[in-house]
Amino acid sequence: MKVLVPVKRVIDFNVKVRVKADQTGVELQNVKMSMNPFDEIAVEEAIRLKEAGLASEIVIVSIGPVQAQETIRTALAMGGDRGILVTHDGETEPLAVAKILKEIIAAEEPGLVILGKQAIDDDCNQTGQMLAALMGWPQGTFASKVEMADGSVAVTREIDGGLETVKLSLPAIVTTDLRLNEPRYASLPNIMRAKQKPIDMKTPSDYGVDMTPRLATLKVEEPAKRVAGVKVENVGELVSKLKEEGVI
Ligand code: AMP
């Protein structure tokens with residue numbers, strides 16, 4: 001069974017994001033970019049399936065600027081087999097990404113597609129769900145456990161107040177939650193080896209997909225600054241302060 005893993009290049013999660021002066025978006029110049037953390041978890045899960053003899057090949061896909069090749073290389077160094085880069089400068093909205101993935105699925109015929117539950121830059125949490133709808137495939141979102149069986153996959157999902165386990169017939173779509181696994185670091189020899197692994201270069205027009213954004217960003221603002229707190233000596237003082245502030 002082939003496994004397809006879409007990975008997005010996003011601002012590194014350690015970077016303190018700065019809003020552009022004209023409030024049209026966030027600063028991307030000279031900012032460290034990395035693989036979306038949920039996608040690292042997706043790559044790790046695919047590798048574990050391969051190591052367990054349940055997957056035969058892992059294909060990594062990214063839609064983004066040419067620099068997204070680095071993101072694909074990271075996934076290949078972790079253990080992916082080959083990559084497909086669909087080059088596009090500018091926003092990649094979930095519907096357009098899902099349409100491209102649909103065409104790649106038609107060509108590659110994977111048994112399983114593992115995506116992140118959300119990209120930490122746009123926080124959409126939509127692509128996996130849209131792809132499942134476009135394909136007419138079952139989906140197991142927010143997976144904290146994935147267990148393959150003959151012709152199906154059991155996905156344990158993190159839901160409000162507990163866990164739910166669903167059984168999906170293959171082919172299927174899974175999206176990863178934080179607790180599914182801990183992604184491995186790529187070793188130096190594997191980073192070197194990954195340089196030899198093939199990456200197919202494509203464009204959205206190869207798949208007949210129009211990338212024109214459907215959403216316009218009106219304004220991006222910094223969160224309100226938090227004001228400093230005050231220390232009180234005892235409960236009496238706390239209560240009178242709260243009364244003064246009109247909290248109680
Ligand atoms: P989103 O719906 O934007 O929150 O993204 C959810 C997941 O879809 C991500 O974790 C990725 O697995 C995948 N995805 C979204 N955008 C891209 C992209 N441009 N290239 C590759 N995968 C993507």
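Whatever order the structure lists ligands and atoms in, that order sets their numbers, starting from 1.
At least one side-chain heavy atom of Glu44 sits under 4.5 Å from a side-chain heavy atom of Arg48.
Using modelled atom types and a 3.5 Å distance limit, the side chains of Thr203 and Thr87 yield no donor-acceptor pair.
The backbone N or O of Pro198 lies less than 3.5 Å from no partner atom in the side chain of Arg82, so there is not a single donor-acceptor pair. Of the possible polar contacts, none joining the Asp81 side chain to the Val59 backbone as a donor-acceptor pair under 3.5 Å is found. A donor-acceptor contact shorter than 3.5 Å links the side chain of Asn36 to the backbone of Ile120.
Leu115 CD2, 3.9 Å is the protein heavy atom nearest to atom 13 (C) of ligand 1. The nearest protein atom to atom 9 (C) of ligand 1, hydrogens excluded, is given as Asp39 OD1, 3.4 Å; this is a heavy-atom distance. Scanning the protein heavy atoms around atom 18 (C) of ligand 1, the nearest turns out to be Ile63 O, 3.6 Å. For atom 16 (N) of ligand 1, the closest non-hydrogen atom of the protein is Lys8 CD, 3.4 Å. With hydrogens left out, the protein atom closest to atom 7 (C) of ligand 1 is Gly116 O, 3.3 Å, a heavy atom. Counting only heavy atoms of the protein, atom 14 (N) of ligand 1 lies nearest to Val97 CG1, 4.2 Å.
Other residues, nucleotides and ligands contribute more than 12 heavy atoms inside 6.0 Å of the NZ atom of Lys2. The number of heavy atoms from other shown groups lying within 6.0 Å of CD (Glu51) is above 12. In this structure, Lys197 places its NZ atom where more than 12 heavy-atom neighbours from other residues, nucleotides or ligands lie under 6.0 Å away.
At least one N/O-N/O distance between Asp122 and ligand 1 falls below 3.5 Å. Note: no N/O pair closer than 3.5 Å links Pro94 and ligand 1 by distance alone. Here's the thing with Gly64: none of its N/O atoms is less than 3.5 angstrom from an N/O atom of ligand 1. Ligand 1 has an N or O atom lying under 3.5 Å from an N or O atom of Pro6, backbone or side chain.
Below 4.0 Å from some heavy atom of Ala119 lie the following atoms of ligand 1, by number and element: 1 (P), 3 (O), 4 (O), 5 (O), 6 (C). Of all atoms in ligand 1, numbered sequentially from 1 with element shown, those under 4.0 Å from a heavy atom of Cys124 are 1 (P), 2 (O), 3 (O), 4 (O).
Ile105 and Val43 end up in different hydrophobic clusters when Ile, Leu, Val, Met, Phe, Trp and Tyr side chains are linked at under 4.5 Å.
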Item to check | Full working for side-chain contact (heavy atoms from CB on, under 4.5 Å) between Val10 and Asp39 | outcome: CA-CA 11 Å; Val10 297; Asp39 305 352; over 6 Å; no

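For atom 1 (P) of ligand 1, the nearest non-hydrogen atom from the set Val113, Thr127, Thr175 comes from Thr127. Of all the listed residues (Val43, Ile41, Asn125), Asn125 holds the heavy atom that lies closest to atom 4 (O) of ligand 1.
Under 4.0 Å from ligand 1, the heavy atoms of Val7 that appear belong solely to its backbone. Contacts of Asn36 with ligand 1, taken as heavy-atom pairs under 4.0 Å, involve the side chain alone.
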